[in-house]
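A short write-up of the structure that comes next.
Chain naming here is simple, since letters A, B, ... match the order of the sequence lines and numbering starts at 1 in each.
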Amino acid sequence: MSKPRVRFAPSPTGSPHIGNIRTAVFDYLYARHTGGAFILRIEDTDRARFVEGSLEELMEGLRWVGMQWDEGPEVGGEYGPYWQSERLENYSKYAQQLIDSGRAYYCYCTKERLEEMRKGQEAAKLPPGYDRRCRALTPEEREAAAAENSNPVIRFAMKREGRTEFDDVIRGRVGFENSLQDDFVMIKADGFPTYHFAAVVDDHLMEITHVVRGDEWISSAPKHVQLYEALGWEAPVWVHPPLILDTTGKKLSKRSETQTTFTYYREAGYLPDAMLNFLATMGWSSGEDRKLFSRAELIEKFSFEGIVNHPAIFDLAKLNDLNGEYIRMMSVDELAEMILPWVQKAGYLGENPTAKDLAYIKEVTALIQDRMVTLGEAPDLVSYFYNCGFDYDEKGIKKHLAKDTTPALLKAIISKLSDVSDWNTERIEAAVREAGASVSMEGGHVIHPVRMSITGRTWGPGLFELMKIIGKERCLTRLQKAIDKFGV
RNA sequence: GGCCCCGUCGUCUAGCGGUCCAGGACAUCGCCCUCUCACGGCGGAGAUCGAGGGUUCGAAUCCCUUCGGGGCUACCA
């Protein structure tokens, strides 16, 4: 048997959707697992909904998670073009073939008539659908209709009797009553094909072996199955993974509270591997009690059979947990490198950091690594290592600085610290504790005021480690500043 | 409304007739570590497997019914 060929076929109608990307993950994993081809095909058949730049955003997103397609835009391939808008001849050719064989027909009904018809059906509580008025026109009737409407659409003549059944890898055997099916439009009045027709023609021409698409498509699968039949083509294997739902249990949409734009997660500082891990394990399970999977493991273990048959609710908390895990798995050097652009964007470092800057950011990174969930948090976590003009936490001031014991304590600490010549954590700690003891204070009572003075915060990395990195001079300055500011 | 799909802790899931009075992970709570916050370690609470009937010596696992949720129902994908 030849190698599988799967395709991810998005429409460039807006920012890539996280649900679609999850489907792409399944495509990608399956292709890599089997050594098959992962194809990117652009379904730009709806000219009205086309959004400039969305294809670029999508490709950038796919590459960001490391899902490079083997055929498609920018990489080419033997089955191109990979834009449906450039494959129009194919659709008219096969549409004509279907008309000739009696399985498709021109429909001259106007939108107005269609709307009226629908209203009537609604009022009569009948299932909506085209009434097939143009399905069996006599030559005379056709001529008359053509005179009225010179821009007919082409409809597919669905079977009127029996059932259309097919096997879905995830659902098993699924069947639909033919009498309930609609004679859908294959070619629109503007000459462009609809999804149903274009996808079938292209999947066949591109020799797609497995059609993987969201569950929302399963009810239109009979159209596709009948199309394959009518064209005399062998249908692909159908795979309809369940949808991803928002926290209210509805299909993810722009209206959902959950961020549905894939790009958002990249910009928020989630890691590609964490994202891949998260997406892959939402709706798919290897059967093991495990949450961390490397890309290689995912590829090795993936199978369609492991896809569950029920929808999953998008859980940000889980993504956050995974991202934290991936951040902690990185070496300090790697992490520092990833953090760098964020710190630069925040203005803490310039375009061309010096070797000293780089060494410094590594030291800082080591201290914040365990506390970081997303890269996007880096600027905040890192701020007081660069910026001396920070604000002080209000509650912290009340609790640790606005006390009459504060000035004496901080003065004692400045004095002790000034004598430290070898600025390392042991010496700093000793000095701070000794200074505290000299004014009869210890533990948190001395450490918290110092932390507040030096970072403006009540929490953070170990005080002495952080002081070591910030340096003696800046520490002393900040302590003095706190005395001036909060000393009574 | 009609058609189709789905239904195990709050969430993601394991489970394929007995080893399950249901396991793991996230979230949550408590304890330990500790200068705080994290990390880490330990522990707790949390699912009568949507409900009701069968089948069977035995069911989360098989069958039927029922309820609930979702998807589709365009000259959008």
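- Remark: the separation of the C1' atoms in C75(B) and G68(B) is 36 Å, to the nearest Å.
- Among the heavy atoms of the strands lying under 4.0 Å from Lys318(A) is at least one base atom, whether or not backbone atoms are also near.
- The NZ atom of Lys301(A) sits 15 Å away from the P atom of A14(B) (whole-angstrom rounding).
- Atom name P, nucleotides A59(B) and C21(B): the rounded distance is 11 Å, in whole Å.
- As rounded to the nearest Å, A25(B) and C62(B) have P atoms that lie 27 Å from one another.
- Note on Arg328(A): only backbone sugar-phosphate atoms sit closer than 4.0 angstrom, heavy atoms only; bases stay farther off.
- Comparing C12(B), A38(B), U36(B) by their nearest atom to the side chain of Asp370(A) picks out A38(B).
- Taking atom P in both U19(B) and C37(B), the straight-line distance is 44 Å, to the nearest Å.
- In this structure A25(B) sits in a base pair with U11(B), meeting the Watson-Crick or G-U test at under 3.5 Å.
- Between Met282(A) and Trp459(A), the residue whose closest nucleotide on RNA chain B is further toward the 5' end is Met282(A).
- The separation between Ile170(A) atom CD1 and U13(B) atom P is 12 Å, rounded to whole Å.
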Show which side-chain atoms of residues 442-450 of chain A pair as donor or acceptor with protein atoms under 3.5 Å away, not counting sequence neighbours.
none

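- Geometrically, Arg290(A) engages Phe293(A) in a cation-pi contact defined by less than 6.0 Å to the ring centre and at most 45° from the axis.
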Seminar exercise, completed: Reading nucleotides 70-77 of chain B from 5' to 3' and marking B where a protein heavy atom lies under 4.0 Å of the base, S where only the sugar-phosphate is that close, and - otherwise, the string is SSSS-BBB
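- Side-chain contact, Arg171(A) with His240(A): no donor N or O sits under 3.5 Å from an acceptor N or O.
- Rounding to whole angstrom units, CG of residue Asp321(A) and C1' of C39(B) are separated by 12 Å.
- Backbone-only contact: Val308(A) has heavy atoms under 4.0 Å from sugar-phosphate atoms and none from a base.
- When the C1' atom is used for both A38(B) and C32(B), the distance is 15 Å, rounded to whole Å.
- Heavy atoms of Arg47(A) sit nowhere under 4.0 angstrom from any nucleic acid atom.
- What separates CG of Leu466(A) from P of C37(B) is a distance of 15 Å, to the nearest Å.
- For the pair His400(A) and U36(B), the criterion of a side-chain N or O lying under 4.0 Å from OP1 or OP2 is not met.
- Using the Watson-Crick or G-U wobble rule with both distances under 3.5 Å, A74(B) pairs with nothing in any strand shown.
- For a distance-only test at 3.5 Å, the side chain of Arg171(A) fails to qualify as a donor-acceptor partner of the base of C5(B).
- At the heavy-atom level, Thr458(A) lies under 4.0 Å from base atoms of the strands shown.
- Looking at Asp246(A) and Thr248(A), their side chains do bring a donor and an acceptor atom within 3.5 Å of each other.
- In this structure, Phe184(A) CZ and Cys107(A) SG are separated by 13.0 Å, a value rounded to the nearest 0.5 Å.
- Among the nucleotides C37(B), C4(B), C35(B), the one closest to any side-chain atom of Val174(A) is C4(B).
- Straight-line distance between the P atoms of A77(B) and G18(B): roughly 49 Å, to the nearest whole Å.
- For Asn178(A) and C4(B), the CG to P distance is 12 Å, given to the nearest whole Å.
- A straight line from CD of Glu465(A) to P of U34(B) spans 14 Å, rounded to a whole angstrom.
- In this structure, Leu322(A) atom CG and A27(B) atom C1' are separated by 13 Å, rounded to whole Å.
- As judged by a 4.0 angstrom heavy-atom cut-off over every strand, Leu180(A) is placed among residues touching the sugar-phosphate backbone only.
- If you check every strand for non-hydrogen atoms under 4.0 Å, Gly462(A) touches a base.
- Comparing the same atom, C1', in G30(B) and in G71(B) gives a spacing of 43 Å after rounding to whole Å.
- Residue-to-nucleotide proximity on RNA chain B shows that, of Leu463(A) and Glu288(A), the 5′-proximal contact is made by Glu288(A).
- Taking atom CD1 of residue Ile313(A) and atom C1' of nucleotide C26(B), one finds them 14 Å apart after rounding to whole Å.
- Rounded to the nearest 0.5 angstrom, His17(A) NE2 and Thr260(A) OG1 are separated by 5.5 Å.
- At a cut-off of 3.5 Å, with distance as the only test, no side-chain donor of Tyr195(A) or Asp46(A) sits close to an acceptor on the other residue.
- A side-chain donor from one of Glu288(A) and Ser286(A) sits under 3.5 Å from a side-chain acceptor of the other.
- Comparing the P positions of C76(B) and A14(B) gives a spacing of 38 Å, expressed to the nearest Å.
- Within the 4.5 Å cutoff, side-chain heavy atoms of Thr405(A) are placed close to those of Met441(A).
- Look at G30(B): its Watson-Crick or wobble partner, with both distances under 3.5 angstrom, is C42(B).
- A 3.5 Å limit on both hydrogen-bonding distances identifies no Watson-Crick or G-U partner for A59(B).
- Residues Asp380(A) and Arg457(A) are paired through a salt bridge, judged by an N-O separation under 4.0 Å between the basic side chain and the carboxylate.
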